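Structure first, then comments.
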Amino acid sequence: MIQSATVHLFTDYKTARGILVLKPLSSQIASLVEQAIRDAQSDGTLPTFEIPSVEINPPKRPEQGDYATAIALQLAKPAQMNPLDIAAHISKRLPEKDYIATIEVAPPGFINFRLNEDWLRQQVETIIAEGDDLFKLELGAGKRAQVEFVSANPTGPLHVGRSRGAIVGDSMARILEAAGYDVEREYYFNNAGQQMINLGNSLRIRYLEALGKPVNVPSEDDKSFYQGEYLIDFAKDLIAEKGDSLVDEDWQPFKEYAEQRMFEWIKRTLARVNIHHDVFFNEDSLYTSGAVWDVLKALDERGYIYKAKEWEGASEEEKAKAERRKPATYFRSSKLGDDKDRVVVKADDSPTYTLPDIAYHVNKIERGFDVLVNVLGADHGTEYKVVAYGVNALGYDASKIHVIIVQMVRLLRKGQVIKMSTRAGDYDTLDDLIDEINQTNESNLIDPGTDVVRYLLLARSPDSHLDFDLDLAVTQSNENPVYYIQNAHVRCVGIFRQAEENNLNDEGADLSLLGDDELRFLRKALELGEQIEFAATTFAPHKIAFYAHELANTFHPIYENVRVLHSDVSEDAAKARLRFYRAAQITFKRVLALMGMRAPDKM
RNA sequence: GCCCCUGUAGCUCAGUGGAUAGAGCAACUGUCUUCUAAACAGUGGGUCGGGAGUUCGAAUCUCUCCAGGGGCGCCA
């Protein structure tokens, strides 16, 4: 009964590379409805008007079917007709499809679709056939996307605040991959600025201090000194390597050493949470290539550049001060809608961050990506705005750039907020956080805290401020959604482990033996396509985290009811159920992978 | 003062202009000799911050007010 079952969802959709791709049911139904409206228009039943995009969603109540649309209600005004009549006209023109059992019109004008249950049962085979590529969509097939995220300068270890953007960015990349895009992950950094010189100087001080040389260790008030203890460790390692041979050197060799160590550390931390960048883009290359000055020249040619000593709104004192200075170079962004003009070249002829940032985004666009995603922290909120003005001013299309602004993370321990600041040294690193979760976890997983961190930092709208509750993160019970989801996968694997001992397999399973419980799960599992599509097109990776929880929430009650290895379950039923759990396992594995999490076999 | 984000159940949060606003946790009551109880079943819980508007229909869109967070540098 398993033969020929895998064709239904993806018959029409193959990419150039020959990979099978699925199309979400809601999109398929939406095209049917759209066509039906067009048909009704061309035979004169409906007047001519522009058809809005047809939204198909699973309704809240099961008696309203599996999918529903309110399109007839929306068309009431342009068509100047009763919505119920419109719905009737549309549903009459909908073609028969193997996956649809019934189409009903419900007042005040909804069209409700119910899936064919035989077809639904056969999707067990589709899911198994798709495996790790389950619901790889055609949406981005043949297109390239780039996600830029983390982009922290190597001045300190990755702290929790930055980690949110890291997790969100990588999850976004995974979702775009699932949507069919060819995805590049990029990390933009600068190792040439004042911050890095400060880092070199700070390490030099720690180095001299460790050697017992007379040196003043700056206080916490000194913003140019990095207080972090890690520099004391670096200094010791440096002495072990080079002895006291560097005592007469300036900041330079110290900067190089610190940078290299710091980057290793950041990359190691990122690798721990399953994040790997394809490209590390150094801001400095925009200077050596001349791109920065090209941008300035191009802006100037378009009349967006002027020189001035002061800015509007300066106090008398500031004006007096400015009189004695050389003029700075301004970008006339206010002409494009900005609140004020921005300095792009300082009086000392060095550019501010704005100019290379514009050059960088121009560079990204010129590399030919179809979609660019930029994950930024809330403290950089205005930055992208200025960059977009600059990119547009140069005649490029800034609308290709999608910015995800992630709001702040606060770390809570026993209800108390823990302050985080890289420079002051009282930072809380992502490594520390993971280690703390690991310490209280009794599972056999390696580094279990990484999955907890990935989920908890993802499962919130980026627009929402995030309180990371450490007390919740370390609980190993149903309070913790991470284990709730992973446990669903563990339970599936457990069945197969046991089935093997009992010499039971799922070959030749008769899927018609699957009942309502299994159907409920399959309906939810088939929503994954829509979830991926929605998360990818609205740049909202947190959707997948919520969906994962809903899927587990559908699964666990079924697991209680639908037993495989009970004595009162017939062998045929057991085979069919085993086949079903194989599909369930694949679905959970896929969803966890989309979030960069592991699908453990045991916990 | 200006800009951005947030305000939904006791707590933490979902919610795409549509049908009776959802989930988890917490609280209470039950369920393991059978594939992991890190689970399941059940109960209670709401002026969707306030007000006005647009709409056949608003938690969702507009305006306004209130509260919290972030940003307003010739730092990045």
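Letters A, B, ... mirror the listed sequences (proteins, then strands); counts begin at 1. Keep in mind that this is a model prediction, so the values were computed, not measured.
- If you take atom C1' in B:rC25 and the same atom in B:rU64, they sit 36 Å apart, rounded to whole Å.
- Atom P of B:rU54 sits at a distance of 15 Å from the matching atom of B:rU62, rounded to the whole Å.
- Nucleotides B:rG15 and B:rC2 are separated by 31 Å at their C1' atoms, to the nearest Å.
- Rounded to a whole angstrom, the distance from the C1' atom of B:rU55 to that of B:rC61 is 10 Å.
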Sequence neighbours excluded and cut-off under 3.5 Å, please list the side-chain donor-acceptor pairs for residues 78-85 of chain A, or say none.
unit_1	atom_1	unit_2	atom_2	d
A:Q80	NE2	A:K77	O	3.2
A:N82	OD1	A:L84	N	2.8

request  = List the steps, then state whether salt bridge (Lys or Arg N to Asp or Glu O under 4.0 Å) holds for A:D516 with A:R520.
outcome  = CA-CA 6 Å; A:D516 290 345; A:R520 198 173 332 115; over 6 Å; no

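- Residues satisfying the ring pair (Phe, Tyr, Trp, His ring centres under 6.0 Å) criterion with A:F280, sequence neighbours excluded, are A:Y187, A:F263, A:H277.
- One interatomic measurement links the two molecules: OH of A:Y226 to P of B:rC75, which rounds to 15 Å at whole-angstrom precision.
- Residue contacts for A:H566: at a heavy-atom cut-off of 4.0 Å it reaches a base atom on one of the strands shown.
- A:M408 comes within 4.0 angstrom of sugar-phosphate atoms only, judged by non-hydrogen atoms across all strands, and of no base.
- Comparing the same atom, C1', in B:rC13 and in B:rG1 gives a spacing of 33 Å after rounding to whole Å.
- Among residues at least two apart or in separate chains, salt bridge (Lys or Arg N to Asp or Glu O under 4.0 Å) pairs with a member in residues 542-565 of chain A are A:R491-A:E560, A:K524-A:E550.
- A salt bridge is absent between A:D572 and A:R577; no separation between the charged side-chain nitrogens and carboxylate oxygens falls under 4.0 Å.
- Distance from the side chain of A:H380 is smallest to B:rA76 among B:rC74, B:rC40, B:rA76.
- With rounding to whole Å, A:Y547 atom OH is found 16 Å from B:rA23 atom C1'.
- Listed nucleotides B:rA41, B:rC3, B:rU36 differ in distance to A:P557; the shortest reach to its side chain belongs to B:rA41.
- Distance, A:I485 CD1 to B:rA23 P: 16 Å, rounded to whole Å.
- The side chain of A:K346 places an N or O atom within less than 4.0 Å of a non-bridging phosphate oxygen (OP1 or OP2) of B:rC75.
- Comparing B:rC74, B:rU16, B:rA19 by their closest approach to the side chain of A:A68 singles out B:rA19.
- Heavy atoms of A:H542 sit under 4.0 angstrom from primed sugar atoms or phosphate atoms, though from no base atom.
- The P atoms of B:rC5 and B:rU16 are separated by 15 Å, rounded to the nearest whole Å.
- Listed nucleotides: B:rG69, B:rU16, B:rC35. Nearest to the side chain of A:Y559: B:rC35.
- With a glycosidic angle more than 90° from 0, B:rC56 adopts the anti conformation.
- One can place CD of A:Q74 at 12 Å from P of B:rA19, the figure rounded to the nearest angstrom.
- As rounded to whole Å, 11 Å separates atom P of B:rC35 from atom CG of A:N502.
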remark   = 5' to 3', nucleotides 4-12 of chain B under a 4.0 Å protein heavy-atom cut-off (B base, S sugar-phosphate only, - none) gives -BS-----S

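- Every side-chain contact (heavy atoms from CB on, under 4.5 Å) that A:A545 has, sequence neighbours left out, goes to A:Y455, A:L458, A:A459, A:M595.
- No side-chain donor-acceptor contact under 3.5 Å links A:Q28 and A:S31.
- Residue A:D568 is classed as having no contact, given no heavy-atom separation below 4.0 Å to the nucleic acid.
- Under the side chain to side chain donor-acceptor pair (under 3.5 Å) criterion, A:S350 pairs with A:D348, sequence neighbours left out.
- B:rG57 and B:rU12: their C1' atoms are spaced 31 Å apart (whole Å).
- Residues passing the side chain to side chain donor-acceptor pair (under 3.5 Å) test with A:Q498, sequence neighbours excluded: none.
- Note on A:Y353: a base of the nucleic acid sits closer than 4.0 angstrom, heavy atoms only.
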request  = For RNA chain B, just give me the dot-bracket, please: Watson-Crick or G-U, both distances below 3.5 Å, ( ) intra-strand, [ ] crossing earlier pairs, | paired with another strand, . unpaired.
outcome  = (((((((..((((....[...)))).(((((.......))))).....(((((..]....))))))))))))....

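- Across the P atoms, B:rU43 and B:rA38 are found 24 Å apart, a figure rounded to whole Å.
- A straight line from CD of A:E550 to P of B:rG15 spans 11 Å, rounded to a whole angstrom.
- Of all heavy-atom pairs spanning A:T155 and A:L199, the tightest one is O-CD1, 3.4 Å.
- Using a 4.0 Å cut-off on heavy atoms, the residues of residues 103-113 of chain A that approach RNA chain B are A:F110, A:N112, listed by number.
- Under the side-chain contact (heavy atoms from CB on, under 4.5 Å) criterion, A:N201 pairs with A:I197, A:W251, not counting sequence neighbours.
- In this structure, A:T69 contributes its side chain and A:V54 its backbone to no donor-acceptor pair below 3.5 Å.
- Taking atom CZ of residue A:F534 and atom P of nucleotide B:rA14, one finds them 14 Å apart after rounding to whole Å.
- You won't find any donor-acceptor pair under 3.5 Å spanning the side chain of A:R563 and the base of B:rU34, going by distance alone.
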Can I get a per-line list of side-chain donor-acceptor pairs under 3.5 Å for residues 56-63 of chain A, giving both atom names and the distance, sequence neighbours left out?
unit_1	atom_1	unit_2	atom_2	d
A:R61	NE	A:E63	OE2	3.1

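- Regarding A:E55, its CD atom lies at a distance of 7 Å from the P atom of B:rG17, rounded to whole Å.
- A:Y353 is linked by a ring pair (Phe, Tyr, Trp, His ring centres under 6.0 Å) to nothing, counting only residues two or more places apart in sequence or in another chain.
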